[in-house]
Protein chains: 2
Amino acid sequence: MEAKESLKAHVAKITTLTDEQFDYFFSHFKKKSFQKGQAIITGGDPVDCEYFVISGCLKSFFINDELKMFILQFAMPTWWASDYNALYNHTKATINVDCITDAEVLCLTNADREKLCNELHNAEHFFRWRTNKGYVAAQKRLLSFMNNNVKYRYEELLKLYPELYNIVPKNLIAAYLGVSRETLSRLYHS
Amino acid sequence: MEAKESLKAHVAKITTLTDEQFDYFFSHFKKKSFQKGQAIITGGDPVDCEYFVISGCLKSFFINDELKMFILQFAMPTWWASDYNALYNHTKATINVDCITDAEVLCLTNADREKLCNELHNAEHFFRWRTNKGYVAAQKRLLSFMNNNVKYRYEELLKLYPELYNIVPKNLIAAYLGVSRETLSRLYHS
DNA sequence: TTTCAAATGTGATGTAGGTCACACAGGTAC
DNA sequence: GTACCTGTGTGACCTACATCACATTTGAAA
């Protein structure tokens with residue numbers, strides 16, 4: 001089964017679970033399929049899962065009062081997505097997650113993650129490591145935001161994730177870079 | 001002993017350690033004192049500790065090619081600071097940490113943190129939780145950067161950390177907000 | 001008390017990127 | 001086919017903030 005193998009390989013990069021342990025770990029995940037454009041987490045709703053991407057591409061984003069969209073993250077296969085603030089603090093979502101393409105994900109509830117972390121020391125280790133990576137990446141992006149202009153950030157993004165260029169429309173790239181689609185367009189024409 | 005009590009109270013918010021466990025945990029920390037202006041982590045050097053602040057105020061910051069400074073974080077008592085990217089990946093520091101005021105800190109090496117996480121499941125839980133908080137905060141700040149103007153971000157900062165107003169000079173506040181000190185000055189005069 | 005450096009205020013001017021408006025191309029539904 | 005919607009390019013103009021230059025305040029050192 002493809003989903004199980006994908007998660008297993010992902011976890012194995014960080015920690016070692018026996019087959020029985022991994023089967024138990026995996027039994028807490030629920031596979032779901034979504035279509036292009038479908039919402040997974042909607043602002044204002046309660047959030048109780050995080051999502052491990054098996055196939056397709058998600059985006060997590062914020063919409064401000066003027067309905068302008070800001071993209072926090074694109075999530076490709078083996079990436080995780082959720083509104084972590086809402087998930088950990090049991091508040092309503094302020095972040096949305098939806099599908100840029102058709103997608104398959106594995107859902108893990110907050111309660112099950114905490115249960116797994118409690119029962120399996122290695123699971124806790126895995127999730128600590130994963131959040132570390134996210135934290136370091138978020139800090140890097142913040143620095144790039146302060147330090148670099150749009151052109152640099154655009155090239156940095158494409159160098160890091162070349163696959164995005166083909167999958168993601170330019171207006172979403174612009175929303176990730178925190179720039180207007182017009183300005184982004186003018187970067188590589190005119 | 002004040003440092004020990006401070007760390008104990010901090011850890012107790014998240015997890016429960018017996019007195020013996022905490023004593024063992026604490027035995028891996030080394031207390032150090034620094035003076036105002038003194039460097040704790042210097043760009044280019046290897047990084048092997050993270051720092052828990054007992055008293056005083058630190059800043060972690062990045063200096064770009066044009067010698068412009070960007071502040072990632074102010075660290076007040078009970079906050080943690082390091083160059084986490086360098087610390088986890090065993091690379092040279094790209095982030096600096098120094099003292100805005102005289103400061104006392106508890107140092108924990110990367111190796112000792114990993115050892116503690118390995119030996120005490122609760123320690124791993126604590127550090128997972130701590131990084132979660134940092135991750136969520138970094139994402140929030142990123143969103144605020146994309147969404148809000150300088151004036152809003154300045155007021156947001158002072159509302160969240162009013163003590164900074166008295167301790168930290170305005171040019172450092174500006175470096176945190178990612179704005180020139182002149183622009184910051186013009187916000188609340190003229 | 002004088003001296004000096006760090007921190008701060010403020011004017012003049014430059015510029016990256018935003019906003020608005022409109023055009024056009026390529027799919028998809030009917 | 002026609003109609004429509006999403007994505008994209010581009011000109012004209014606007015605005016927030018940067019940069020440079022210089023003045024002023026403040027506080028610590030000598």
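Protein chains get the first letters and strands the later ones, always in sequence-line order, with residue 1 at the start of each. All values derive from a computational prediction rather than experimental measurement.
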Measure from [atom1] on [X] to [atom2] on [N] and round the result to the nearest Å.
X: N64(A); N: dG18(C); atom1: CG; atom2: C1'; value: 14 Å
X: N147(B); N: dG17(C); atom1: CG; atom2: C1'; value: 16 Å
X: E66(A); N: dG18(C); atom1: CD; atom2: P; value: 14 Å
X: L172(B); N: dA7(C); atom1: CG; atom2: C1'; value: 10 Å
X: R186(B); N: dT19(D); atom1: CZ; atom2: P; value: 12 Å
X: M146(A); N: dA18(D); atom1: CE; atom2: P; value: 13 Å
X: H189(A); N: dG7(D); atom1: NE2; atom2: P; value: 17 Å

Quiz prompt | Proximity to the side chain of R181(B) - top-ranked nucleotide from dC22(D), dG17(C), dA12(D) | solution = dC22(D)
Practice problem: Describe the nucleic acid contact of G37(B) in one word from base, sugar-phosphate, nothing, applying a heavy-atom distance below 4.0 Å. | Solution: nothing
Exercise. Using a 4.0 Å heavy-atom cut-off across all strands, classify K151(B) as base, sugar-phosphate, or nothing.
Key: nothing
Quiz item: Hey, what's the ring geometry for F74(B) with Y176(B), parallel, tilted or perpendicular (30° and 60° as the breaks)?
Solution: parallel
Self-check item: Mutual orientation of the aromatic rings belonging to Y24(B) and H28(B) [parallel < 30°, tilted 30-60°, perpendicular > 60°]
Solution: perpendicular
Using OP1 and OP2 only, check whether a side-chain N or O of [X] sits under 4.0 Å from [N].
X: N171(B); N: dA6(C); value: no
X: Y188(B); N: dT8(C); value: no
X: K170(A); N: dG9(D); value: no
X: T183(A); N: dG17(C); value: no

Self-check item: No-H, no-angle donor-acceptor pair, E182(B) side chain to dC17(D) base, under 3.5 Å
Solution: no
